[in-house]
Amino acid sequence: MSAQLAAGTYRCRDVSRSVAAAVDAGVTWVDTAPNYAFGTAETSLRHILDACPHVRVSTKVGFVPDSDWRAVRAAGVLPYDHDRGHCLARPYLAWQLARSRARLGRVPDLVFVHNPEHGRPDRTGLLRTLTEAFEELERAADAGEIGGYGVATWAGLSNGMFTTPELTELAETVGGPDHHFRAVQFPVSLIHLAVVADALDGRGALAEAREAGLDVFASAPLGGGELLGAMTEELVRSIDSAASPAQAALLVTLSAPGVSHVLLSASTPAHWADARGAAAREPLSPDRLRKVVDVLGT
């Protein structure tokens, strides 16, 4: 099954406008987080989600937005108050999940543990913290408060803090064979090309996720916009000579083995039309992807 475009809301200047353009372009999955758009992203999505029940939504838990700090303190759900940035303790996760449901106006289809490696340099401590988080997310899934859960990371999989098999084993330990661990989210792009090279050799995070039956949400496919300025004519031709620079960059991520959804924070109908053009193209063959890897290195 080919990867699908999904609407990301990280660094969106106008979440409502961007996601409305995405839905008009046929996108049926939106990914957000309580700390995006200065804490307003989830609330900004509610009217779109109310009007479009077919659109699925994922959000995240872990970061403590500045905008929520007073409410968090009043609720007494933090086990400490010296770190305003990040918390995966069960009371805080339960509180944040309830807040997200209220803001979104529905039960999220997926909830990602957001950058669990944040501020945790010790692997043993990290896995202990993830165990507590998974326990709360399994409870929430069993209660019908979330559809399922996953882990969204920027560097945790690439720097060896944890692996997909470890996460799956942890979910099985906590939730049994019918656990609700469903997905992982991490960068896949021309900037993060090593993960694609590994997948072509049948190893690494993408291959492990596919083997475990997990959905993969590829983040930052355009490198936060940085890639567009680096797409030379030669590079575009090596990918697809008939594609635009943005389409060529997206096509690499859309074609990466194991990717289910590609998260794009495009802001206008024109940008989404260009992205749809990439998604409509024939995926790059493994041989073509290998040539791109060889041209750029990893």
Side-chain angles (χ1 to χ4, degrees), residues 1-6 8 25-29 31 150 152-160 163-165 167-168 183-266 271-298:
M1 181 173 160
S2 299
Q4 303 292 312
L5 289 173
V27 168
T28 58
W29 194 293
D31 180 74
T153 178
W154 185 257
L157 288 168
S158 60
N159 67 12
T163 66
T164 301
L167 295 176
T168 303
V184 287
Q185 183 181 139
F186 53 88
V188 183
S189 71
L190 285 167
I191 294 174
H192 298 89
L193 200 54
V195 69
V196 179
D198 285 344
L200 291 171
D201 292 332
R203 55 189 173 86
L206 284 172
E208 290 167 351
R210 182 166 55 179
E211 185 175 346
L214 300 174
D215 285 333
V216 173
F217 287 72
S219 59
L222 298 180
E226 294 178 13
L227 267 175
L228 297 181
M231 298 300 294
T232 64
E233 291 184 13
E234 181 182 1
L235 178 55
V236 172
R237 282 198 303 271
S238 71
I239 297 169
D240 187 331
S241 60
S244 71
Q247 288 175 343
L250 284 172
L251 197 51
V252 171
T253 305
L254 286 162
S255 305
V259 170
S260 310
H261 296 81
V262 176
L263 297 173
L264 183 64
S265 298
H271 289 154
W272 278 108
D274 201 33
R276 284 182 62 189
R281 305 184 90 79
E282 190 72 23
L284 302 178
S285 68
D287 286 343
R288 178 58 64 89
L289 277 176
R290 286 185 188 279
K291 289 178 179 177
V292 174
V293 170
D294 289 342
V295 167
L296 291 180
T298 57

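- Judged by distance alone, with hydrogens and angles left aside, the side-chain atoms of Asp240 form a donor-acceptor pair with the main-chain N or O of Ala242 at under 3.5 Å.
- Contact of the Trp154 side chain with the Gln185 side chain is not registered, since no non-hydrogen atoms from C-beta on lie closer than 4.5 Å.
- Atom CZ of residue Arg237 and atom OG1 of residue Thr232 lie 8.0 Å apart, to the nearest 0.5 angstrom.
- Put simply, NZ on Lys291 and CD1 on Ile239 are 13.0 Å apart, with the number rounded to the nearest 0.5 Å.
- Counting only heavy atoms from C-beta outward, the side chains of Leu167 and Glu208 never approach each other to under 4.5 Å.
- From Leu222, atom CG reaches atom CG of Leu264 across 5.5 Å, with rounding to the nearest 0.5 Å.
- Counting heavy atoms from C-beta outward, Ser219 and Val188 have side chains that stay 4.5 Å or more apart.
- Closest non-hydrogen pair, Leu157 versus Ala205, comes out as CD1-CB, 4.2 Å.
- What you find for Gly156 and Asn159 is that their closest heavy atoms are O-OD1, 3.1 Å.
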Point to revise | Val195/Ser158 under side chain to side chain contact (heavy atoms under 4.5 Å, CB included): CA gap, chis, key distance, verdict | key: CA-CA 8 Å; Val195 69; Ser158 60; over 6 Å; no
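- Listed by chain and number, the residues in a ring-ring contact (aromatic ring centres under 6.0 Å, His included) with His271 amount to none (sequence neighbours excluded).
- Under the rule for a side-chain contact (heavy atoms from CB on, under 4.5 Å), the partners of Ala183 that lie at least two apart in sequence or sit in another chain are Leu110, Phe112, Asp215, Phe217.
- Phe186 places a side-chain heavy atom less than 4.5 Å from the side chain of Val216.
- With sequence neighbours excluded, no residue forms a salt bridge (charged side-chain N to carboxylate O under 4.0 Å, His left out) with Asp274.
- Between His261 and Ala6, the shortest heavy-atom distance links the atoms CB-CB, 4.2 Å.
- Shortest non-hydrogen contact noted between Ser255 and Leu289 is O-CD1, 3.5 Å.
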Check your understanding: Going through the distances and angles, do Val259 and Leu254 end up as a side chain to side chain contact (heavy atoms under 4.5 Å, CB included)?
Key -> CA-CA 7 Å; Val259 170; Leu254 286 162; over 6 Å; no
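- Within 6.0 Å of the CZ atom in Arg276, the count of heavy atoms belonging to other residues, nucleotides or ligands does not exceed 12.
- Closest heavy-atom contact between Gly277 and Gln247: CA-NE2, 3.6 Å.
- When all heavy atoms of Ala256 and Val196 are compared, the pair lying nearest together is CB-CG2, 4.1 Å.
- Glu211 CD to Leu206 CG: the interatomic distance, rounded to the nearest 0.5 Å, is 13.0 Å.
- Contact annotation: the side chain of Leu263 never approaches that of Leu5 to less than 4.5 Å [non-hydrogen atoms, C-beta and beyond].
- Looking at Leu296 and Leu235, their side chains come closer than 4.5 Å, going by heavy atoms from C-beta outward.
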Point to revise | Verdict with supporting geometry, Arg290 and Asp201, side chain to side chain contact (heavy atoms under 4.5 Å, CB included) | key: CA-CA 10 Å; Arg290 286 185 188 279; Asp201 292 332; 3.2 Å; yes
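- With values rounded to the nearest 0.5 angstrom, Ser260 atom OG is found 10.0 Å from Arg210 atom CZ.
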